[in-house]
Every structure is written in C-alpha cells, then in structure tokens.
Protein chains: 2
Amino acid sequence: MDARGEARKHVRIADDLRAMIRSGELRDGDRLPGENTIMERYGVARMTARQALADLQNEGIAVARKGAGVFVRTFRPVRRFGNRRLGRDVWGSGRSIWDVDETQGPAEVDRLTVREVPAPDDAARLLGVPPGTPVISRDRRYLVAGRPVQHAVAYIPAVIAAGTPIADEDTGPGGIYARLAELGHAPVKFTEEIRARMPTREEVEALALAPGTPVVSIARVAFAQDGHVVEVSQLTLSAAEYILHYEFDA
Amino acid sequence: MDARGEARKHVRIADDLRAMIRSGELRDGDRLPGENTIMERYGVARMTARQALADLQNEGIAVARKGAGVFVRTFRPVRRFGNRRLGRDVWGSGRSIWDVDETQGPAEVDRLTVREVPAPDDAARLLGVPPGTPVISRDRRYLVAGRPVQHAVAYIPAVIAAGTPIADEDTGPGGIYARLAELGHAPVKFTEEIRARMPTREEVEALALAPGTPVVSIARVAFAQDGHVVEVSQLTLSAAEYILHYEFDA
DNA sequence: TAGTGGTCTAGACCACTCC
DNA sequence: GAGTGGTCTAGACCACTAA
C-alpha cells in the first residue's frame, strides 16, 4: 500500500502526517489536517482518521484541542542541573535550589501541605527507618510561568524536624537543606534515582499533562556526614518540561 | 455514572480495571477481561471496550498479545550507575562500564556499525566542531538476556580516532575510554543530559517497545584534561528496562 | 476450531471553538 | 452557525493464539 509495504491505513496516514512535521512543512503550533479532511482525502471512515491522529498524540508530537483541531506540539524544556543545584554553595548562601534551573518565567509553589505522618513504605525504606516512623511530609506542586511542571514530596524524620522551621510552610532562605545544616544535619551527599513512565490519572490532572507525555520520577536521598539519611524526596516531573543535567569526574 | 462523577464509559471501565490491578486482584502477567467480556459485562459496544483497554496500554500498565488477550505488564528494570560506571577505576582497569550495571543476564552487542562520517549537527554542536567535521561513528544496540534495551551512537573526532582501535569493531578491554587514555585524551569529566519522551516508530522497532513505553534519551559528553570534548554519545534506553542512579556531594 | 485482539466501515449525538 | 474533536453504536473480516 505504500513504500514501506505498510498496509494498515491508519499507520499509513500517520506516517504521512509525521513526514509533514519532520520535513518542516508543518511547524510548531500548526494545525494538522482534521478528521473530515483525512476522511475525504484518503477515503476512509471517521474512526480510521481518528486512529491516525491518535497515533501522533500518543507519540507526543501532536495535541488535540476540542472544537479547534489537532496541532503540532511545541517543546520548551528547562535545564535542571542535578548536582550543581544541590551544591552547598547554593543553599548555604540562602538561595533556592530552583534559582539554578534555567527557568524562563517566575517559579511558584502551589498546593502546599506540611504534615506529620507515618512514613509510607517506600520512603521508610529509603530513610532506613521502620515503616510508620513519624516523618514531616512536605507535599507541593511547582509552577513555572503559571504551568504546573513538578510534584514533589519531601520526607524528613520527625525526630529531626518536628517543631523546627522545616515543619513550617515557609522554611526560609536556603530551604530545607539550610535548616538541616543549622540543626547539625547538613547534607553532604545526595543520590538520585531516575525512571521514566507514563503518568497515572492523578498525575495527568495534577501536572496538566497532554496525552503522550511521560513523567520523570526521581527519588532523591540526602545523606549527612555520619552516613545517616536526613531527607528523602519523591519528585515527579513533566517530561515535556525538563532536561536533566548531571556532571561528574571520571 | 460512578463515584468520581466520571460519565465517559471507557474511562469508567478503565478505572475499574486499573483498580483490579492496584488492589492486587490482578497480578503481573495475569490476563485482563477481554473485549467480549467487557462488552457483555458493561453492555457497551466493541469500540468502547477497546478504548478502555487501549487507555491502560497507553499508560504502560497493560500489554496486548494478539490472539491471546490483554495482560498486566511486568517491570524488571536494571539499575544503571551514571557516574560510578564512568569512573576511571572502571575502564582504567580494563573492565567494561556495563559490568557496573545491575543486569540480570548476559549483555550482548548487536547491529554494530563503525564508520567515518561527517558529524551530524547535534553531535557537532556538542563536540564543539563545525557540522560535517569527520568523526568516527560507532552505532550499536545492546541486549540483556536477549532483549534489546538500548541503542547507542558514539561520535569521536576522526583526528583523534581514525586508524586506532576506536575505529575497529572491537575496541578491546576498557573500551573507547581506555583507548582514548592511551592516546593521551583520557576523559576526566563527563556530562549527561537526560530527557524522556515517547519513542519514534524506528525506536519502537529497534527496542521492541510495547505501547505506553517511553524512552530515556541521554546525551553524554566526555571532556579531556584541557577541556576539549573527546567523545559524544547519544543513548536511547527503554524506560521500562532502566533506573538511572547518580550520586554526588553537596 | 473457538476465542482473541487488530482493523475498518457508516452512521449518530454531543460539547466545544472560532468567526 | 459551521466546523471541530470526543464518545458511542452495531455491525464486519482478518490474523493470530491456544487448547
């Protein structure tokens, strides 16, 4: 049916549309041919045209706007400097680690909840404490230029943090790490474990994710001088918004 | 229509199926209710049942096997130690950086192509050379336990690598980095830039990716003592197969 | 061979956007 | 108000899997 010997109509149509995008014939934000146009041009049924457009959306290269059309998707990811932003010189000087990221536009915090809770299983495992151990949980969402880009939950043992500014909504200059340092629990080492996956329904809502957008899930562990874990963070980033950057010596 | 006030039938059905998975009623590898079962149980048309099953597949939590059914998907990712594996002590001792990863099963290389080519634009940019500058391109696929898990292309300036073992199919113990060191271009610093996205059609084929599986794309740059770039690698990993691990000091 | 998912048709009604 | 994508129905044929 086509040069590649692909017979399935929806794949054939999707290939055509993808070629129009890759060639530059269609650019960021341009409208793709609609269902009706495809039905007419290729002589196919509505569901077949829809399947072709759905393929592109699941690839993350197109996005539908109800009542308007299907459009070529644009990406403007932000560089997040994994180790540089967590250097002592950053939070030690009272700056936010967010200042290091190459965000274009103001960063805000949203939906902030600070509570003392029993440690959930995975956090307890990373903290090296029995499940259910009291921890301060800091749950919040980050917005850049009004767009939600990240959901983050930090867990700090209540033994360390209860009754300190870490349990307040505003942790002050330098954030959690500066306060931990003042309390004699300065982080000296971090690990980050990164995986990518498709979002849950809840994440799609919280991060306003378009179809075909994965999330990057980061589990960060902060170690103090004596090797004890002082904080664990579970971060969920929109993959469309971030490039993660790490640098290290050989 | 349901507790959440969700009226769309396919979403409602998908929610039910997802709940069966999350609750443990259905476990890894178990078969989900089929199209016919769903049509009957919910009194919906075939396309509606299909849409519900497609939702779960696009989330990456179910996988269809034609003629057999739709099954709960299993994950067994491997931990990849971003900086530890690139330490001088690894390749300097003649070991492969792959030995550091927590693979369960033998790792193999596949579809290896070594050529001298003009540097593609993005590689040239990272190498800090004009586009089209001659480079040795090493293109290969990695398999673990017979399953393709990663596609990798390394670019090394031909000025450095032409006529050396780096341009051979087998680069010898310690790989490219050990050879570069022997040539007086030992890498002393690396950067890795990570993003996640849905795969292209070609990547779906090359990595045998199930629907709903993102890829992790890593651009690695190796710097020599004088700050010059001696190698650039573009890695494409199946997100279902990998957890990336980095550690660094505050 | 019976059952499965993959593809496709030809209709329908709806909510939404844009002019 | 015309056009758009979202949802849904009720059929059909096919290739594939598994008993």
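It should be emphasised that the depicted structure is a prediction, and the values quoted were computed from it without experimental measurement. Letters A, B, ... mirror the listed sequences (proteins, then strands); counts begin at 1.
- Contact check, N36(A) against dT4(D): a side-chain N or O comes under 4.0 Å of OP1 or OP2.
- Remark: of the listed residues I243(A), L235(A), V216(A), L235(A) is the sole one forming a side chain to side chain contact (heavy atoms under 4.5 Å, CB included) with R80(A).
- Donor-acceptor pairing under 3.5 Å is recorded for the side chains of Q234(A) and S217(A).
- If you measure from atom CZ of R31(B) to atom P of dT17(D), you get 15 Å, rounded to the nearest angstrom.
- Picking from dA10(D), dG5(C), dT9(C) the nucleotide with the shortest atom distance to the side chain of A45(B) gives dA10(D).
- No donor-acceptor contact under 3.5 angstrom links the side chains of H245(B) and N83(B), judged on distance only.
- We find that CE of M39(B) is positioned 13 Å from C1' of dT4(C), with the value rounded to whole Å.
- When each of V44(B) and K66(B) is assigned the nucleotide of DNA chain D bearing its nearest heavy atom, the one mapping closer to the 5' terminus is V44(B).
- Distance from the side chain of H10(A) is smallest for dT7(C) among the nucleotides dT7(C), dC8(D), dG5(D).
- Using a 4.0 Å heavy-atom distance criterion, R65(B) is classed as a sugar-phosphate-only contact.
- Note that R65(A) lies in the cation-pi zone of F71(A), set by a 6.0 Å cut-off to the ring centre and a 45° limit from the axis.
- Protein atom CZ of R8(A) is 18 Å distant from nucleotide atom C1' of dT9(C), rounded to whole Å.
- Taking only side-chain atoms of M47(B), from C-beta outward, the nucleotide of dG5(D), dC8(D), dA10(D) with the closest atom is dA10(D).
- Comparing G67(A) and R50(A) by the nucleotide of DNA chain D that holds the closest heavy atom to each, the one mapping nearer the 5' end is G67(A).
- Per the geometry, CG belonging to L53(B) stands 14 Å off P belonging to dC8(D), to the nearest Å.
- Side-chain contact between L32(B) and L26(B): present, with at least one pair of heavy atoms (C-beta onward) separated by less than 4.5 Å.
- Distances shown here put every side-chain N or O of R46(B) at or beyond 4.0 Å from the OP1 or OP2 atom of dC8(C).
- Put simply, CD on E35(B) is 15 Å from P on dG3(C), counting in whole angstrom units.
- For T48(A) and A64(B), each mapped to the nucleotide of DNA chain C holding its nearest heavy atom, the one lying further toward the 5' end belongs to A64(B).
- Between I38(A) atom CD1 and dG3(D) atom C1' the separation is 15 Å, expressed in whole Å.
- dC16(C) atom C1' lies 12 Å from atom CZ of F71(A), rounded to whole Å.
- Rounded to whole Å, atom P of dT4(D) lies 13 Å from atom CG of L32(A).
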